[in-house]
Amino acid sequence: MKKVILSLALILLVYAGARLYLSWTRPNSNSVTRVSFEIQRGVSLKQISETLYDKELVRDAWAFQTFVRWKRISQTFQAGEYIDRKSVG
């Protein structure tokens, strides 16, 4: 039973690592198109990541959330209107 649990944990760890690696190392697109988006006051990190994903500014909303939590920068987001390039990744 312990071997099964350890095997599943290892598979999950490898999957999460691969997903994060691929999201962080490749640009989202080759486009240099500028996209505007708005962060409204009081929105959650999940809502921000979904907005960025919908605008094709990040490849993976979950990976973006994980990165922000890992770097402990979730409190640094400020409400406002922004313009960025799709190739940010």
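Values below: every heavy atom of this structure, side chains too, minus hydrogens, waters and symmetry copies.
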Euclidean distance, [Y] [atom2] relative to [X] [atom1], rounded to 0.5 Å:
| X | Y | atom1 | atom2 | result |
| --- | --- | --- | --- | --- |
| I39 | Y82 | CD1 | OH | 5.0 Å |
| F67 | D60 | CZ | CG | 13.5 Å |
| L57 | D84 | CG | CG | 6.0 Å |
| L13 | L6 | CG | CG | 11.5 Å |

- prompt: Are there more than 12 heavy atoms of other residues, nucleotides or ligands under 6.0 Å from atom CD of E38?
  reply: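 Counting other residues, nucleotides and ligands, CD of E38 exceeds 12 neighbours.
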Those residues that, when tested against F77, pass ring pair (Phe, Tyr, Trp, His ring centres under 6.0 Å) (two or more places apart):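 Partners of F77 under the ring pair (Phe, Tyr, Trp, His ring centres under 6.0 Å) test: none.
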query: Which residues satisfy the side-chain hydrogen bond (donor to acceptor under 3.5 Å, both in side chains) test with Q47, sequence neighbours excluded?
result: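 For Q47, the residues satisfying side-chain hydrogen bond (donor to acceptor under 3.5 Å, both in side chains) (neighbours in sequence not counted) are S44.
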task: For T51, check side-chain hydrogen bond (donor to acceptor under 3.5 Å, both in side chains) against everything at least two apart and list the hits.
output: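 Checked T51 against side-chain hydrogen bond (donor to acceptor under 3.5 Å, both in side chains); zero matches.
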Closest approach of [X] to [Y] (non-hydrogen atoms, all atoms of both residues):
| X | Y | answer |
| --- | --- | --- |
| S49 | Q65 | OG-NE2, 2.9 Å |
| R59 | Y53 | O-CE1, 3.2 Å |
| I83 | S36 | CG1-CB, 4.0 Å |

